[in-house]
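Presented below is the structure to which this report refers.
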Amino acid sequence: MKCRVCQNKINTFMSFGKMPIANAFLNKEDFEKEYFFDLSPAFCEKCFAFQIETQPDPQLMFHDNYAFFSKTSKHMQEHFKKYAEWVEKNFLYEKENTFVVELGSNDGILLENFALKGIKHLGIEPSANVAEVAKKNGVNTLINFFNQDIANKVLKEYGKADAILAANVMCHIPNLNEISKSAKILLKDKGVLIFEDPYLGEMIKKVSYDQIYDEHVYIFSALAVENIFLKDDFELIDLLPQITHGGSMRYVLCKKGMRKKSENVKKILNNERKQNLDKLFTYIKFKDNCEASKKRLLDILNENKQKGKKIVGYAATSKSTTILNYCKIGPDLIEYICDTTQIKHNKYSPGMHIPIKPYEEFNKKYPDIAVLFAWNHKTEIELKEKKFEKKGGKFISHIYL
Ligand code: DWN
Ligand code: ZN
């Protein structure tokens, strides 16, 4: 198997086994025809891109029934408001003819902050259902995948962009060469390409292997991002660690030589070398850590089940699909999962078929144990669920919280 970025031979250092589409919550009658693929992470020793070996067709993952709406978290709404303010302050000082583009703009959680201020903007989002929500909220959105054709069309209609943004999107796109070529077309000379995604350094530290699923074709390090975008003459000019999604990184790039480089770039690249993110042995050790994590979680669940405890899941996240299918956890261990997203309700979790119930079920009858699949929103959730913990309920997770 070849690296998607540099065509070098990649090392497939482990397999999580057969996996369904992480966000394909399904009805009973669809169990028989459920789609599975082999989820195997791999590492390229040449460009340092951490990637999954096989990714299902994009149409299977991003479509008119896409089950993730960004606005489900209050903290994420605040995060995106600050992200927008930071972009405006640092990169939109032209005043006249300012134009911001976002790739994978989902329900408009980031762009609405520009829309409210009357700043010219455009979201490019392939999943029609989430895009319609954005449009209803006044966020100008084009339903499509971003590529060179679309970049040229947008250029004709709107002019060049000051900033192309993305959040939790770039790591979903297999052909990043197409993205950098398209960004090159659409950006002004001093324009910036800014994106943030779950960070490889944090995933390795926390053994948060649930970040690996069909949609996340890459888990980036700065070392890899530098190599990926250098091909089209982009350079990294800043790196800003974020606490979102269990530890993310914001990457700021521009056309080579057009802007000053922050000291952070050198510092973080050096840290990554110290953490051996450029070495295969790090990932072989990660595999062992995943196996130990799996054993620990199963031990906790089995022990509590034998004691007759009621165990339910909290939040049917995409990430939970990897945990449940890798550890083979079904309804015998986790009775059901409560979630706030309406289109997941009364369906079953991908692969292991655990029933999904509306969030209200959680409050109706507290379980003894709630497996916190949205561990990345722990602070927000614990604040909301003080009563549950006061009454003796316990949150557990495969991550040491
Ligand atoms: O990259 C991606 C990230 C940003 O979002 C996508 N590929 C898909 C998605 O991943 P996820 O599903 O793991 O995201 P979250 O934000 O960790 O979880 C969202 C799910 O959790 C939704 O179904 C709503 C649910 N939830 C809940 O039931 N109660 C979330 C919160 C905060 C809550 O309090
Ligand atoms: Zn490579």
Side-chain angles (χ1 to χ4, degrees), residues 1-11 21-25 42-51 61-62 66-77 79-80 104 106-107 109-110 127 130 166-173 176-177 195-198 208 210-221 223-224 226-228 230-231 242 244-246 248 278 312-323 337-345 347 349-350 356-363 370 372-385 388 395 397 399:
M1 178 78 192
K2 284 186 174 167
C3 171
R4 285 181 182 80
V5 177
C6 74
Q7 311 307 318
N8 191 44
K9 191 179 171 297
I10 46 175
N11 278 288
I21 301 290
N23 259 314
F25 294 85
F43 177 68
C44 174
E45 288 179 279
K46 192 171 167 205
C47 74
F48 314 134
F50 182 105
Q51 54 203 285
M61 300 179 288
F62 311 110
Y66 187 52
F68 178 71
F69 292 81
S70 297
K71 279 192 194 160
T72 46
S73 157
K74 280 220 165 67
H75 275 199
M76 289 310 288
Q77 263 171 318
H79 170 77
F80 285 119
N106 199 275
D107 52 14
I109 190 170
L110 173 60
S127 296
V130 288
N168 305 305
V169 166
M170 212 56 98
C171 72
H172 296 67
I173 306 175
L176 291 173
N177 291 339
F195 59 91
E196 53 184 48
D197 284 290
S208 44
D210 52 333
Q211 293 289 8
I212 306 168
Y213 53 92
D214 54 356
E215 294 177 21
H216 290 178
V217 62
Y218 299 105
I219 307 288
F220 296 127
S221 62
L223 286 164
E226 190 181 45
N227 285 328
I228 294 168
L230 191 67
K231 278 180 130 184
Q242 307 290 315
T244 48
H245 287 292
S248 299
D278 52 351
V312 309
Y314 193 105
T317 58
S318 325
K319 297 183 290 291
S320 67
T321 297
T322 300
I323 305 172
I337 305 174
C338 297
D339 193 281
T340 52
T341 307
Q342 212 183 344
I343 62 171
K344 295 181 186 177
H345 297 161
K347 296 213 168 134
S349 74
I356 311 297
K357 296 200 177 183
Y359 165 67
E360 289 67 32
E361 284 293 318
F362 184 75
N363 289 314
L372 185 55
F373 291 120
W375 56 271
N376 45 310
H377 301 297
K378 180 176 177 268
T379 317
E380 176 175 352
I381 290 170
E382 280 194 335
L383 212 66
K384 208 163 55 176
E385 307 300 353
F388 164 62
F395 278 116
S397 159
I399 306 283

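Counting starts at 1 for both ligands and their atoms, in listed order. Note: hydrogens, waters and symmetry copies are ignored here, and every other heavy atom, side chains too, is used. Everything numeric here is computed off the predicted structure, so don't read it as measured data.
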(request) Decide yes or no on side-chain contact (heavy atoms from CB on, under 4.5 Å) for Phe373 and Lys319, but give the supporting numbers first. (result) CA-CA 7 Å; Phe373 291 120; Lys319 297 183 290 291; over 6 Å; no
(request) Could you check if a side-chain atom of Met170 sits within less than 4.5 angstrom of a side-chain atom of Ile173, using non-hydrogen atoms only? (result) yes
(message) Show the atoms of ligand 1 that are less than 4.0 angstrom away from any heavy atom in Asn168.
(response) 1 (O), 4 (C)
(request) State, yes or no, whether a side-chain contact exists between Asp197 and Tyr218 at a heavy-atom distance under 4.5 Å. (result) no
(request) Report the part of Thr317 (side chain from C-beta onward, or backbone N, CA, C, O) that has a heavy atom under 4.0 Å from ligand 1; answer both or neither where that applies. (result) both
(request) With rounding to the nearest 0.5 Å, note down the distance linking CD1 in Ile10 to CZ in Phe50. (result) 10.5 Å
(message) Suppose we measure from atom 14 (O) of ligand 1 to each protein heavy atom; which comes out shortest, and what is that distance?
(response) Phe68 CE1, 3.6 Å
(message) One residue to check: Glu215. Relative to ligand 1, which of side chain, backbone, both or neither has a non-hydrogen atom less than 4.0 Å away?
(response) side chain
(message) Does any N or O of ligand 1 fall below 3.5 Å from an N or O anywhere on His172, backbone included?
(response) yes
(message) Counting non-hydrogen protein atoms only, what is the nearest one to atom 3 (C) of ligand 1? Give residue, atom name and distance.
(response) His245 CE1, 3.9 Å
(request) Pull out every atom of ligand 1 sitting under 4.0 Å from any heavy atom of Ala315, numbered as shown with elements. (result) 21 (O), 25 (C), 26 (N), 27 (C), 28 (O)
(request) Provide the number and element of each atom of ligand 1 under 4.0 Å from a heavy atom of Tyr213. (result) 1 (O), 2 (C), 6 (C), 7 (N), 8 (C), 10 (O)
(request) Could you point out which residue of His245, His75, Gln211 forms a side-chain hydrogen bond (donor to acceptor under 3.5 Å, both in side chains) with Asn376? (result) His245
(request) May I ask you to decide if Ile212's main-chain N or O and Thr322's side chain share a donor-acceptor pair within less than 3.5 Å? (result) yes
(request) Could you check whether the rings of Phe388 and Phe395 sit parallel, tilted or perpendicular, using 30° and 60° as the cut-offs? (result) perpendicular
(request) Go through the steps to decide whether Ser318 and Glu215 satisfy the test side-chain hydrogen bond (donor to acceptor under 3.5 Å, both in side chains), and finish with yes or no. (result) CA-CA 9 Å; Ser318 325; Glu215 294 177 21; 4.9 Å; no
(message) Within the 4.0 Å heavy-atom shell around His216, which atoms of ligand 1 are there?
(response) 1 (O), 2 (C), 7 (N)
(message) If you measure every N or O of Ser73 against every N or O of ligand 1, does any of those distances drop under 3.5 Å?
(response) no
(request) Indicate, as side chain, backbone, both or neither, the part of Lys384 found under 4.0 angstrom from ligand 1 when only non-hydrogen atoms are considered. (result) side chain
(request) Flag yes if more than 12 heavy atoms outside Lys384 fall under 6.0 Å of its NZ atom; otherwise flag no. (result) yes
(message) Is it the case that atom CD in Gln7 sees more than 12 heavy atoms from other parts of the structure closer than 6.0 Å?
(response) yes
(request) Measure the distance from atom 25 (C) of ligand 1 to every protein heavy atom, then report the residue, atom name and distance (to 0.1 Å) of the closest one. (result) Asp339 OD2, 3.2 Å
(request) Evaluate the ring planes of Phe48 and Phe43, with Trp represented by its six-membered ring, and classify them as parallel (under 30°), tilted (30 to 60°) or perpendicular (over 60°). (result) parallel
(request) Starting from atom 11 (P) of ligand 1, find the nearest protein heavy-atom neighbour and note its residue, name and distance. (result) Ser318 OG, 3.3 Å
(message) Determine whether a donor-acceptor pair (N or O, by modelled atom type, separation under 3.5 Å) exists between the side chain of Ser73 and the backbone of Met76.
(response) yes
(request) Pick, from Lys319, Glu385, His75, the option with the minimum heavy-atom distance to atom 17 (O) of ligand 1. (result) Lys319
(message) Show me which atoms of ligand 1 lie under 4.0 Å from any heavy atom of Lys344.
(response) 22 (C), 23 (O)
(message) For ligand 1 and Glu380, I'd like to know whether there is a polar contact (N/O to N/O, distance under 3.5 Å).
(response) no
(request) Flag yes if more than 12 heavy atoms outside Lys231 fall under 6.0 Å of its NZ atom; otherwise flag no. (result) yes
(request) Looking only at protein heavy atoms, identify the closest one to atom 27 (C) of ligand 1 and say how far it is in Å. (result) Thr340 OG1, 3.4 Å
(message) One residue to check: Ile381. Relative to ligand 1, which of side chain, backbone, both or neither has a non-hydrogen atom less than 4.0 Å away?
(response) side chain
(message) Please classify the Asn376 to ligand 1 contact at 4.0 Å (heavy-atom distances, strictly less than): side chain, backbone, both or neither.
(response) side chain
(request) Give the residue and atom name of whichever protein heavy atom lies nearest to atom 16 (O) of ligand 1, and the separation in Å to one decimal. (result) His377 NE2, 2.7 Å
(request) Could you grab the angle centred on the Zn ion (ligand 2), going from SG in Cys6 to SG in Cys47, to 10°? (result) 120°
